[in-house]
Amino acid sequence: MPPEDEITPESTYLNRRNFMRAGILTATAAATGYLYRRFNAPPNVNSVPLELPDVPDLITANQSTTAPATAIEDRSGFVTDEPQTTFHDITNYNNYYEFSTDKDGVAPAAQGFISRPWQVAVTGLCRKPQIFDLTDLLKIARPEERIYRMRCVEAWSMVIPWDGYSLSKLLDRVQPLSSAKYVAFQTLFDPKRMPNQNSGILDWPYVEGLRMDEAMHPLTILASGIYGKQLPPQDGAPIRLIIPWKYGFKGIKSIVKIDLREQQPPTTWSAAAPDEYGFYANVNPNVDHPRWSQATERRIGAGVRDTLLFNGYEKEVAHLYSGMDLRKNF
Ligand SMILES: Nc1nc2c(c(=O)[nH]1)N[C@H]1C(S)=C(S)[C@@H](COP(=O)(O)O)O[C@H]1N2
Ligand SMILES: [Mo]
């Protein structure tokens, strides 16, 4: 089990930001909340019942009958045989600031979140913009099991068996125009259901973005399950993004809007701290965060290991960045 009272680098930053930007009241409230959590017993996350339906028709990646949409024919990057993080740790050690800035506080805070019915609007520079009901969206392609490493910018990592399909399958449906160079993503904004959206700790809604070729890469998936079960609320139900060669914060949760654009879209963390979090956010052990090293990582439940360039997916994705200065485009 990860330590429960650790102050994460991201929330350390946020405490400073509260004082600087959001004024004394917010800062006091945040500090009080923080102290409260710190000196009272944490909620018993083990007692949170998680009875989730199975993902229907799940197939494993290497048995997939559908060919990848682009570039790589080699599907070896789709699974790793490294030991998988337990379902318990994946669903109780979370970053989801709409619910809590405490990793073990997300699961209890998100427990009652209702993610059905749900719609996802796919708009912008495409021939067939459309609002998808979740049930239709999930039928666009059969879910595959993708066992990916996930490396958070805070230097912890997991190995997670996701269920999902390549984002390219959805984008193909709306027929992107050649002028679409970027894809912007947005999380649900509903402060009644996402209590921390009443606070100023980040600018809501959470937004993220990818370059079009990154979005179309077969490793980039829309995930709707973990370990063959529907995605729990704390992991981004009902649908979230996973880009395994990038830091975890690019994997935006509970998506309601996907917009095709000509210009690079703003992203929540690079807007909050442009010197610390870039648009690309490719995992890179040679480019340190201004406040800590990125050379190693703490694999939850499995000790410290070296961090790999592009999180070990160099063979699959390095070509996307040829000729780019990875230090500048961090
Ligand atoms: N909407 C939203 N998406 C989010 C976040 C968030 O706070 N809000 N946190 C990000 C960060 S920093 C990480 S590391 C991953 C964590 O995913 P997990 O909790 O499923 O492990 O989600 C990312 N997606
Ligand atoms: Mo993260």
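Order of listing sets the numbers, starting from 1, for every ligand and every atom in it.
Under a 4.0 Å heavy-atom criterion, Met150 is in contact with ligand 1. At least one heavy atom of Gly251 sits less than 4.0 Å from an atom of ligand 1. At least one heavy atom of Arg240 sits closer than 4.0 Å to an atom of ligand 1.
Taking atom 20 (O) of ligand 1 as the reference point, the nearest protein heavy-atom neighbour is Asp235 OD1, 2.7 Å. Closest protein heavy atom to atom 6 (C) of ligand 1: Tyr206 CE1, 3.4 Å. Looking at atom 19 (O) of ligand 1, its nearest protein heavy atom turns out to be Lys253 NZ, 2.7 Å. Protein heavy atom closest to atom 7 (O) of ligand 1, with residue, atom name and distance, is Tyr97 N, 2.8 Å.
For Ile131, the CD1 atom is loosely surrounded, since the number of other residues' heavy atoms within 6.0 Å does not exceed 12.
Relative to atom 11 (C) of ligand 1, the option among Tyr93, Trp269, Phe99, Phe249 with the closest non-hydrogen atom is Phe249.
A cation-pi geometry, defined here as NZ or CZ lying under 6.0 Å from the six-membered ring centre and within 45° of its normal, holds between Arg146 and Phe78.
Ligand 1 has a nitrogen or oxygen under 3.5 angstrom from a nitrogen or oxygen of Glu98. Every N/O-N/O distance between Met158 and ligand 1 stays at or above 3.5 Å. The N/O atoms of Trp162, backbone and side chain alike, include none that comes under 3.5 Å of an N/O atom in ligand 1.
A salt bridge links Asp213 to Arg211: at least one charged side-chain nitrogen sits closer than 4.0 Å to a carboxylate oxygen. One finds no salt bridge joining Arg149 and Glu297 here, because no Lys/Arg side-chain nitrogen approaches an Asp/Glu carboxylate oxygen to under 4.0 Å. Under a 4.0 Å N-O distance rule, the pair Glu82/Arg305 qualifies as a salt bridge. A salt bridge links Arg261 to Asp259: one of the charged nitrogens lies within less than 4.0 Å of a carboxylate oxygen. Note on Lys229 versus Asp54: salt bridge recorded, some NZ/NE/NH1/NH2 to OD/OE distance being below 4.0 Å.
Within ligand 1, counting atoms from 1 as listed, the ones closer than 4.0 Å to a heavy atom of Asn94 are 18 (P), 19 (O), 20 (O). Each of the following atoms of ligand 1 lies closer than 4.0 Å to a heavy atom of Asn95: 5 (C), 9 (N), 11 (C), 12 (S), 13 (C), 14 (S), 16 (C), 19 (O), 22 (O). The contact set between ligand 1 and Cys152, taken as ligand atoms under 4.0 Å from a residue heavy atom, comprises 14 (S). Atoms of ligand 1 found under 4.0 Å from any heavy atom of Thr187 (numbered from 1 in listed order, with element): 1 (N).
Taking hydrophobic clusters as Ile, Leu, Val, Met, Phe, Trp and Tyr residues chained together by side-chain heavy-atom distances below 4.5 Å, Phe330 does not share a cluster with Phe279. Taken together through direct or relayed side-chain contacts under 4.5 Å among Ile, Leu, Val, Met, Phe, Trp and Tyr, Tyr93 and Val304 form parts of separate hydrophobic clusters.
Taking the ring centroids of Phe185 and Tyr206, they lie at or beyond the 6.0 Å cut-off.
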